[in-house]
Amino acid sequence: MQQALKYAAEQATRFEQELFDLLKIPSVSTDPAYAPHVQQAAEWVAGQLKVIGVTAEIIPTGRHPIVYGEWMGAGPNAKTVLIYGHYDVQPADKADGWSTDPFEPVVKDGVVYARGATDDKGQFFTHLKAVEAILKTEGTLPVNVKFLIEGEEESGGESLAQYVREHGQRFAADVCIISDGSMPSVDTPTIVYSVRGIVGFEIIVHGPATDLHSGMFGGTVHNPIQALAEIIAQLHHPDGSVNVPGFYDDVVPLSEAERQMIASGGGYTFEQWQQTTGAPADWGEKQYTINERIGARPTLEFTGFAGGYAGQGLKNVIPARAIAKGSARLVANQDPQKTFDQIKAQVERLAPPTVRVEVNYLASGLPAAVDVNHPAMQAAVNAYQHGWGYAPVFKREGGSLPIVADLNNHVGMPVLLVGYGLDTDGIHGPNEHYALSMFHKGIETSIHFLYEVSKL
Ligand code: BES
Ligand code: MN
Ligand code: MN
């Protein structure tokens, strides 16, 4: 193992260059226009797997390919680790507020700026480099490894869920590790023990047959932007709770012990929350703490809102339509389809007869939890302790990772969520970035992890 750590240190600059090559590929999964780049990224990942000595297969799906690879040379009596990651990224446009081109990685003060730098290219790549370092120096690994790197995570794709339902046994392993998360500070490594589910949707409000002169027709037609705003405004109660009948029916109430665990585990202090968000004040269900609202309560968020003209200067038009996109974050035992039906019914109920509304389902993932007392957890704790120099804290995550529930439900193995990012990396936003020191610490931790699993 010492040789592998030494190799990783010596090859640090090359590892960075390889990561930058991957960051240059705009593998945006949600927009079909980027499909060729998503394919290109899949091929790049498969090529890397082959170079480091792992098999590589590009599994086509109805949408974006799954990259699968394995090295089973440790034999049937050794432990097997499944490494999951995603090579797709969120959309990014220079105009969203990026200081540099999101697909032209730039390093400033030891930090690389690019879409996907931390979510998830820079994080999953640590595991490839860990495997390379051990294989190149030892000629063998202490465990068998399987790589499952998908291309639809950021668009809540169905392809992998379906593949896991049908061929999940291919991914069977003693333990799964996922590095696709973050920690509040570099001295607070964090293991996530629950992720929320999600159901994404869009609301389209149709008004007049075409855009109209706002002076000639204003005050006589119900403006779709206004009607949509009126609907959206009614979807929360003044106390911050969601105004959708049935929304909370299947929510498992928080026990005192759970609240205690949230309060004493990882998560934000109020100051960290303020620092990270830059919001003037907190908002939401005040009877729950910020960490409870993020990790253990369901929420409803609007993520996009458009209509009319928002360019330079003035254009007086009543638009024919207005659109909003949103998603509900779910906790056990909420069901995405049922929640979608409830939201759709409520929006239709709230819609005035002066407009026509359309509510469309976009994507979903189930909530999932991990048993913190599973013996395999110790491998992650020890790996962090060695690679990071600090014992990890445990927290519930507000974001979603649909694969966790899919593996729980169809394959069955402990899933360890061991993130190598920082909460302040700006994932999904402009100027997403990743400290190269975190990347290298991640590689070290991933090396330690494989040895720790072999000891279980
Ligand atoms: N890596 C995130 C989820 C995450 C965020 C985990 C922060 C831990 C800390 C993941 O890439 C993500 O963004 N997931 C989407 C899933 C959705 C599109 C189905 C999400 O949460 O919005
Ligand atoms: Mn991610
Ligand atoms: Mn993401």
Side-chain angles (χ1 to χ4, degrees), residues 27-31 41 63-64 83-92 102 114-127 148-161 177-184 188-202 266-268 276-277 291 294-295 298-304 325-331 336-337 339-340 361-370 392-406 415-429 432 434 438 442:
S27 47
V28 177
S29 61
T30 201
D31 184 345
R63 262 177 84 215
H64 302 306
I83 295 162
Y84 166 91
H86 62 90
Y87 65 81
D88 65 324
V89 298
Q90 288 275 321
R115 172 58 87 227
T118 184
D119 183 14
D120 176 40
K121 289 172 173 174
Q123 291 197 52
F124 86 72
F125 199 49
T126 62
H127 292 280
L148 166 59
I149 315 293
E150 72 154 313
E152 273 182 33
E153 198 277 341
E154 296 292 10
S155 51
E158 246 303 294
S159 303
L160 181 60
I177 185 166
I178 302 178
S179 294
D180 187 20
S182 55
M183 55 187 80
T188 318
T190 304
I191 295 178
V192 164
Y193 65 94
S194 96
V195 288
R196 290 195 292 182
I198 184 169
V199 60
F201 60 89
E202 64 186 7
Y268 296 108
T276 307
T277 62
N291 290 318
I294 290 173
T299 53
L300 177 66
E301 291 300 325
F302 285 91
T303 54
K325 289 183 184 258
S327 51
R329 298 285 173 170
L330 312 177
V331 299
Q337 184 61 51
T339 304
F340 172 75
Y361 167 97
L362 294 178
S364 67
L366 290 167
V370 179
V393 295
F394 289 82
K395 78 160 180 189
R396 281 170 169 263
E397 175 52 52
S400 306
L401 265 175
I403 186 68
V404 182
D406 295 337
V415 180
L416 308 177
L417 297 164
V418 179
Y420 300 145
L422 286 169
D423 292 343
T424 48
D425 285 344
I427 73 171
H428 295 200
E432 176 180 348
Y434 193 36
M438 303 285 285

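Numbers here are sequence positions counted from 1. Indexing begins at 1, ligand by ligand and atom by atom, following the structure's order.
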Exercise for the section: Select one of side chain, backbone, both or neither to describe which atoms of Met183 lie under 4.0 Å from any atom of ligand 1, heavy atoms only. Expected result: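 It is neither part, as no heavy atom is under 4.0 Å.
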Handout entry: His86 contact mode with ligand 1 (heavy-atom cut-off under 4.0 Å)
Key =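 It is the side chain that touches ligand 1; the backbone stays farther off.
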Exercise for the section: Mind telling me whether Phe394 and Tyr193 have parallel, tilted or perpendicular rings, with 30° and 60° as the class edges? Expected result: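 Tyr193 and Phe394: tilted rings.
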Handout entry: Sole candidate of Asp120, Ile403, Leu401, Leu160 that passes side-chain contact (heavy atoms from CB on, under 4.5 Å) when paired with Glu153
Key =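 In the set Asp120, Ile403, Leu401, Leu160, the residue that makes a side-chain contact (heavy atoms from CB on, under 4.5 Å) with Glu153 is Leu401.
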I need the [X] [atom1] to [Y] [atom2] distance, nearest 0.5 Å.
| X | Y | atom1 | atom2 | answer |
| --- | --- | --- | --- | --- |
| Gln337 | Leu366 | CD | CG | 11.5 Å |
| Ile178 | Gln123 | CD1 | CD | 11.0 Å |
| Asn291 | Lys395 | CG | NZ | 8.0 Å |
| Thr126 | Met438 | OG1 | CE | 11.0 Å |
| Tyr361 | Thr339 | OH | OG1 | 11.0 Å |
| Glu397 | Thr190 | CD | OG1 | 9.5 Å |

Handout entry: Arg329: partners by salt bridge (Lys or Arg N to Asp or Glu O under 4.0 Å), with sequence neighbours left out
Key =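 For Arg329 there are no salt bridge (Lys or Arg N to Asp or Glu O under 4.0 Å) partners, ignoring immediate neighbours.
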Where is the nearest protein heavy atom to [atom]: which residue, which atom, and how far?
| atom | answer |
| --- | --- |
| atom 4 (C) of ligand 1 | Asp180 O, 3.8 Å |
| atom 5 (C) of ligand 1 | Ile427 CD1, 3.7 Å |
| atom 7 (C) of ligand 1 | Glu397 OE2, 3.4 Å |
| atom 11 (O) of ligand 1 | Glu153 OE1, 2.7 Å |
| atom 3 (C) of ligand 1 | Ser400 O, 3.4 Å |

Kindly confirm or rule out an N or O of [X] lying under 3.5 angstrom from an N or O of ligand 1.
| X | value |
| --- | --- |
| Ser364 | no |
| Glu154 | yes |
| Ser182 | no |
| Asp119 | yes |

Exercise for the section: Compute the minimum heavy-atom distance from Ile198 to ligand 1 and say whether it is under 4.0 Å. Expected result: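 Flag set, Ile198 near ligand 1.
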Exercise for the section: Pick out which of Asp423, Thr276, Asp425 makes a side chain to side chain donor-acceptor pair (under 3.5 Å) with Ser182. Expected result: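 By the side chain to side chain donor-acceptor pair (under 3.5 Å) criterion, Ser182 pairs with just one of Asp423, Thr276, Asp425: Asp423.
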Handout entry: Contacts of the Mn ion (ligand 3) with protein N/O/S atoms, counting only those under 2.8 Å
Key =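 Listed by chain and number: Asp119 OD2, Glu154 OE1, Glu154 OE2, His428 NE2.
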Practice task
For Gly181, counting its heavy atoms only, list the atoms of ligand 1 lying under 4.0 Å from any of them.
Solution key: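 The atoms of ligand 1 under 4.0 Å from a heavy atom of Gly181 are 8 (C), 9 (C).
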Handout entry: Which of the ligand 1 atoms, numbered from 1, are nearer than 4.0 Å to a heavy atom of Arg329
Key =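 The list of qualifying atoms is 20 (C), 21 (O), 22 (O).
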Problem - Short side-chain donor-acceptor distance under 3.5 Å, Asp180 and His86 - result: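 Asp180 and His86 do have a side-chain donor-acceptor pair below 3.5 Å.
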Exercise for the section: Please check if any side-chain donor atom of His127 sits under 3.5 Å from a side-chain acceptor atom of Ser179, or the reverse. Expected result: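 Distance-only check passes for His127 and Ser179.
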Handout entry: Considering all heavy atoms, the nearest Ile198-Ser400 contact
Key =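 Closest heavy-atom pair between Ile198 and Ser400: CB-OG, 3.6 Å.
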